[in-house]
Amino acid sequence: MRRGLGVMTVLAFAAILVAGCEPADTNAAPDAAPALDGVEYGLVIHGGAGTITRDDMTDEREAAYHAALQAALEAGYQVLEDGGTAVDAVIAAVVVMEDDSLFNAGRGAVFTSEGTNELDAAIMDGTDLQTGAVAGVRRIRNPIKLARLVMDESPHVLFAGEGAETFGRQFDVEEVDDDWFFTEHRWEALQRAQEQEGTSSNWRQEEDRMIGTVGAVARDQAGNLAAATSTGGMTNKRFGRVGDVPIVGAGTYASNRSCAISGTGHGEYFIRNVVSREICARMEHRGETLEEAAHAVVLEQLVDHGGSGGVIGIDRDGLITMTMNTPGMYRGHYLAGEEPFTAIYEDEGDGR
Ligand code: ASP
């Protein structure tokens, strides 16, 4: 059986050589790009979705979020403007947000039921579907950098817990003490969640548990797409719970055939609905636009199942989406030929 297959493989390669052609890379961006409907290059970011309302905000907090989003956009856009890759751009943007305690990722990660921090992250390159992800890491300052090493330096896709950290040590990935992740507002959120345990949960309490995951999607000057997402997960999570973020196709997905998506919201629903891949698949198989696909999945499918959250996306034609079924999502975009845009509340739209 093996021998027969071997002969067939040799014959197949011989046929390819005789024909003088190479196997097609079906994910590669088209050589001669047709006129674009959207932008040549740019990025879209989010800093989490949930019940974010003007009543709960102060002017200072609003300004702080806008400034943090702006800083992440500038870091990612600089890479793209200099001719860098979509992968480098999304990493640059996410690292800025991981280092800002406003967001539930890296430094500002929420607490588990044990009072620890367990972080998840993923990166995907739409050029060749290469992916790297980490789950439940406790000592890594920037989990998205570790996810990138999984993609670039290992034959695997997802490393979890201690093993992920052992892998990172081989590459001198920066490790930090528990103190790095301590923030008063996240600690108080854990106390509230634990006090409410056993009482009937409502929308507001659920939302309190997860706001602030970060993500970025980009299209570079070569037309390649990438997506990256990083999170502390959900407040009071237990028993090694892993959310949608490091599950390829759930919270993070990118393919040059269709689009790059990063999600934020109640992870269990994003996993069950395979949200990110579902949006790209609808584009590929049903010919839907990015906006149509994102609306169908986030505003209909997820809502029908009771899942709250949102997504950001950019597609192979440079069109974007920022779609949420929650009152707010920290978000922004910086697209070639345009000024950067940041927004918080759902009714602010996408600024275009
Ligand atoms: N999706 C994340 C999780 O469930 C949380 C969030 O996006 O806010 O881990």
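Ligands are counted one by one from 1 in listed order, and the atoms in each one are counted from 1 as well.
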> Using distance alone, decide if ligand 1 has a nitrogen or oxygen within less than 3.5 Å of any nitrogen or oxygen in Gly243.
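No, there is no polar N/O contact under 3.5 Å.
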
> Give the minimum heavy-atom separation between Ile52 and Met329, together with the two atoms involved.
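Minimum heavy-atom contact is CD1-N, 4.0 Å.
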
> Do side-chain atoms of Glu338 reach the backbone of Tyr334 as a donor and acceptor pair under 3.5 angstrom?
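No; judged by distance alone, with no hydrogens or angles, the pair does not exist.
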
> With a 4.0 Å cut-off on heavy atoms, does Asn104 reach ligand 1?
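It does not; every heavy atom stays at 4.0 Å or beyond.
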
> Which pair of non-hydrogen atoms, one from Ala164 and one from Val134, has the smallest distance, and what is that distance?
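So the two residues come closest at CB-CG1, 4.2 Å.
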
> Salt bridge (charged side-chain N to carboxylate O under 4.0 Å, His left out) between Arg54 and Glu62: does it pass, once the steps are laid out?
CA-CA 9 Å; Arg54 289 181 175 86; Glu62 263 187 19; 5.4 Å; no

> Does Arg241 come within less than 4.0 Å of ligand 1, judged by its heavy atoms?
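True for this residue.
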
> Which atoms from ligand 1 have a heavy atom of Thr213 less than 4.0 Å away?
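Here the atoms of ligand 1 in question are 2 (C), 5 (C), 6 (C), 7 (O), 8 (O).
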
> Under 4.0 Å from any heavy atom of Gly233, which atoms of ligand 1 are there?
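Once the distances to Gly233 are compared, the set is 5 (C), 9 (O).
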
> Could you tell me, atom by atom, which parts of ligand 1 come under 4.0 Å of a heavy atom of Thr264?
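With Thr264 as reference, the close atoms of ligand 1 come out as 6 (C), 7 (O), 8 (O).
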
> Applying the side chain to side chain donor-acceptor pair (under 3.5 Å) test to Thr342, which of His66, His333, Gln70 qualifies?
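Among the candidates, only His66 passes.
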
> So, regarding Gly265 and ligand 1 (criterion: nitrogen or oxygen to nitrogen or oxygen, under 3.5 Å), is there a contact or not?
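By distance alone, the answer is yes.
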
> Ring centroids only, cut at 6.0 angstrom: are Tyr65 and Phe103 within range, meaning strictly under it?
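Tyr65 vs Phe103: aromatic centres under 6.0 Å.
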
> Looking only at non-hydrogen atoms, which of Asp244, Val242, Val110 approaches atom 3 (C) of ligand 1 most closely?
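Shortest heavy-atom distance from atom 3 (C) of ligand 1: Asp244.
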
